Amino acid sequence: STEAKNQFRQMSLFGKSRSAVYSNLQSLASGLLTIAPKYPYTSHLHKNLGIRSYACEGSKSVCVLIHGMSGDQNRSYIISSVNYLIESGHNVVTFDAPGIGSSISCEKIWGANINDVGMLDDILEWIIAQELWDKIYFVGFSGGAGFLLSYLLGGANNTNHYKDRIDYSFFISPTIKHEEMLRRARNLTGIEKIFIDAIALEHTAELVRHRIHHKKYFEIPHIVKNCAFDILYANVYGSGKSKVFYKFPNFTEKINGLAIYSMDDTLTPPDLMNHFKNYCDV
């Protein structure tokens with residue numbers, strides 16, 4: 001609805017231009033400074049995906065939040081969004097992407113190799129089975145927004161059985177053209193390089209925790225050596241053996257969704273983010 005679109009425009013921290021340093025400090029701080037949810041939630045496990053549901057009494061709509069790369073459902077931007085959405089009259093569902101947090105038992109850990117977007121089918125399968133909500137909205141942040149777009153577009157080896165059940169999608173600080181994006185980030189210098197290396201280190205730590213959980217200890221030296229300071233390889237290696245980036249297919253119709261851009265995002269420069277205009281109706 002128009003009201004929902006306006007609400008997300010107002011809540012977005014990415015609506016105004018800001019320095020890349022400030023943007024990256026904010027991103028890193030979200031992993032260090034946690035915010036406790038104002039509202040209670042119920043924990044669920046569906047196909048090894050850790051899910052939380054926050055109830056808003058009397059509401060028949062649900063917003064599903066997808067966190068970004070090197071993040072989880074405890075990040076401050078996720079929790080603050082949960083609080084805002086409940087106060088705006090929506091139920092909320094959050095989850096940890098495959099391989100991290102409460103979803104660590106998943107065999108693969110998500111990365112920029114996003115040929116397999118089946119996790120969103122699994123999340124929607126769980127939501128539909130609850131028979132609680134009439135309207136379903138999805139909100140993706142950064143890498144989560146790119147993951148959501150790949151699910152909605154489909155493509156080779158992708159399953160998206162339930163995409164028509166999503167009434168509207170919001171892409172906040174979206175990523176796109178992942179191979180080009182990560183190659184650019186890999187070649188940054190100066191203080192921006194420090195921020196990118198910090199993201200790579202964080203994702204590397206997630207990879208190591210995942211391999212320890214699955215007793216794949218022999219992979220750890222390779223991960224530490226090759227992923228710790230390489231944002232591209234850390235993200236591609238995450239999903240498993242395949243090193244193939246998701247290739248967005250040629251679009252034939254616009255997705256029912258709104259993209260909100262972060263103009264100073266170091267990882268995804270404006271010229272790449274603007275490609276979302278080819279796919280979204282706004």
Side-chain angles (χ1 to χ4, degrees), residues 20 23-24 27-28 30-31 66-72 75 96-101 103-119 140-151 155-158 173-248 262 265-269 271-273 275:
S23 297
N24 282 278
S27 177
L28 292 175
S30 72
I66 312 173
H67 63 78
M69 191 64 61
S70 296
D72 56 32
R75 289 297 170 118
D96 288 326
I100 63 172
S103 301
I104 196 168
S105 292
C106 292
E107 182 183 357
K108 294 194 295 184
I109 182 172
W110 79 320
N113 167 9
I114 48 179
N115 275 343
D116 180 9
V117 294
M119 75 167 184
F141 293 86
S142 189
F147 210 92
L148 176 59
L149 181 66
S150 67
Y151 175 77
N157 302 320
N158 285 334
S173 188
T175 61
I176 196 169
K177 290 186 174 293
H178 295 85
E179 185 169 15
E180 183 178 350
M181 173 191 73
L182 293 169
R183 288 190 186 282
R184 287 193 195 185
R186 176 194 250 176
N187 295 323
L188 290 172
T189 58
I191 193 167
E192 291 183 334
K193 172 66 172 172
I194 295 173
F195 288 122
I196 291 301
D197 283 346
I199 295 172
L201 280 168
E202 195 169 16
H203 192 64
T204 300
E206 291 175 348
L207 286 167
V208 171
R209 283 193 293 269
H210 178 265
R211 295 321 197 258
I212 291 173
H213 178 84
H214 290 271
K215 299 181 180 179
K216 295 182 178 180
Y217 307 112
F218 62 91
E219 292 189 37
I220 293 175
H222 175 86
I223 289 171
V224 173
K225 178 182 176 181
N226 294 281
C227 301
F229 296 101
D230 190 330
I231 188 69
L232 185 146
Y233 196 77
N235 281 270
V236 178
Y237 188 80
S239 288
K241 295 180 180 179
S242 175
K243 303 298 184 293
V244 179
F245 284 90
Y246 179 83
K247 305 297 184 183
F248 289 92
S262 172
D265 188 295
T266 302
L267 191 58
T268 311
D271 63 317
L272 291 185
M273 290 190 288
H275 283 280

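Everything quoted here is computed from the prediction, not taken from an experiment.
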Quick one: closest heavy-atom pair of [X] and [Y], and the distance?
X	Y	value
His213	Ser105	NE2-OG, 3.3 Å
Thr204	Val224	CG2-CA, 4.4 Å
Met69	His203	SD-CE1, 3.7 Å
Leu207	Cys227	CD1-SG, 4.1 Å
Leu232	Arg186	CD2-NH2, 3.9 Å
Ala234	Ala200	CB-O, 4.4 Å

Exercise for review: Would you please indicate if the ring centroids of Tyr233 and His222 are separated by under 6.0 Å?
Suggested key: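 Yes, close enough.
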
Review point. Is there a side-chain contact between Pro98 and Lys108 (heavy atoms, below 4.5 Å)?
Key: no

Check your understanding: Is Met119 close to Phe147 at the side-chain level, that is, under 4.5 Å between some pair of heavy atoms?
Key -> yes

Exercise for review: Return the set of residues passing side-chain contact (heavy atoms from CB on, under 4.5 Å) with Glu219 (not counting sequence neighbours), or none when no residue passes.
Suggested key: Arg211, Lys216, Ile223, Tyr237

Going from [atom1] on [X] to [atom2] on [Y], what distance comes out if it is rounded to the nearest 0.5 angstrom?
X	Y	atom1	atom2	answer
Leu201	Asp230	CG	CG	11.0 Å
Ile231	Asp197	CD1	CG	8.5 Å
Asn235	Ile199	CG	CD1	9.0 Å
Ile220	Ile212	CD1	CD1	4.0 Å

**Study point:** Test item: His210 side-chain N/O and Glu107 main-chain N/O as donor-acceptor pair under 3.5 Å
**Key:** yes

Check your understanding: Is it true that a side-chain atom of Ser103 and a backbone atom of Asp96 form a donor plus acceptor pair closer than 3.5 Å?
Key ->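 Present.
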
Exercise for review: Could you check Trp110 against His67 for ring pair (Phe, Tyr, Trp, His ring centres under 6.0 Å), going step by step and ending with a plain yes or no?
Suggested key: CA-CA 12 Å; Trp110 79 320; His67 63 78; 5.4 Å; yes

Point to revise | From CA spacing to verdict: side chain to side chain contact (heavy atoms under 4.5 Å, CB included), Met181, Thr175 | key: CA-CA 8 Å; Met181 173 191 73; Thr175 61; 3.7 Å; yes

Check your understanding: Charged N to carboxylate O below 4.0 Å: is that the case for Arg75 and Glu202?
Key ->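 Result for this pair is yes, salt bridge flagged.
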
Practice item. Check the pair Ile66, Phe141 against side chain to side chain contact (heavy atoms under 4.5 Å, CB included), reporting the backbone distance first and the verdict last. Key: CA-CA 6 Å; Ile66 312 173; Phe141 293 86; 5.9 Å; no

